[in-house]
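Report on one structure; see the data block that follows.
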Amino acid sequence: MTAADIKKELLFYFLYRRNFLCAATEMAIYNGNIADVYAISESREAYEVEVKCAWGDFMSEVKAIKAIQSSGSLFYSAGSKHTKHLSFL
């Protein structure tokens, strides 16, 4: 299954199974980041989904999160992955 297939299935899930107001792929959000899938529920809650279909890609995200957590500072930033995850921590 490719990333495009996963995104298509997520759009179907959010729009037709969960009856969300809207859902989009490759949506520009804050700070220049791009959401793989972004959806807004009827209760106005926003959901961002990061699609990973390769183990190495997933592990690079885990490594970025661990680097932020181990730095002891929320101001640590060393690249776009760090910046994106920092905004959620």
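Here, residue 1 is the first one in the sequence, and each next residue gets the next number. None of these values were measured; they are calculated from a predicted model.
No salt bridge links Glu61 with Lys63; every basic N to acidic carboxylate O contact stays at or beyond 4.0 Å.
For the pair Leu21 and Ser41, the minimum side-chain heavy-atom distance is 4.5 Å or more. For the pair Val37 and Met27, the minimum side-chain heavy-atom distance is 4.5 Å or more. Contact annotation: the side chain of Thr25 never approaches that of Asp36 to less than 4.5 Å [non-hydrogen atoms, C-beta and beyond].
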**Asked** Going through the checks in order, is the side chain to side chain contact (heavy atoms under 4.5 Å, CB included) test met by Cys53 and Ile6?
**Response** CA-CA 9 Å; Cys53 49; Ile6 294 169; 4.1 Å; yes
**Request:** Applying side chain to side chain contact (heavy atoms under 4.5 Å, CB included), run through Phe14 and Ile40 and close with a yes or a no.
**Result:** CA-CA 9 Å; Phe14 283 128; Ile40 299 175; over 6 Å; no
**Asked** When you look at Glu42 and Arg18, which way does the side chain to side chain contact (heavy atoms under 4.5 Å, CB included) test go after all the steps?
**Response** CA-CA 9 Å; Glu42 288 183 357; Arg18 298 282 307 273; over 6 Å; no
**Request:** Output, in order, the C-alpha distance, side-chain angles, deciding distance and verdict of salt bridge (charged side-chain N to carboxylate O under 4.0 Å, His left out) for Glu9 and Lys7.
**Result:** CA-CA 5 Å; Glu9 292 298 323; Lys7 291 173 189 177; over 6 Å; no
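In the hydrophobic clustering of this structure, Tyr38 does not group with Val51; members are Ile, Leu, Val, Met, Phe, Trp, Tyr whose side-chain heavy atoms approach within less than 4.5 Å, directly or through other members. A single hydrophobic cluster is seen to contain both Trp55 and Val62, as judged by linkage of ILVMFWY side chains at heavy-atom distances under 4.5 Å, directly or through other members.
Of all non-hydrogen atoms in Glu48 and Ile34, the two that sit nearest each other are OE2-O, 4.4 Å. Summarising the geometry of Ala24 relative to Leu11, their closest heavy-atom pair is N-CD2, 3.7 Å, with the distance given to 0.1 Å.
In summary, the aromatic rings of Tyr13 and Phe20 are positioned with their centroids too far apart to meet the 6.0 Å limit.
The distance from the OG1 atom of Thr2 to the NZ atom of Lys8 is 8.5 Å, given to the nearest 0.5 Å.
For Asp57 (side chain) and Ala54 (main-chain N/O), no donor-acceptor pair under 3.5 Å exists by modelled atom type.
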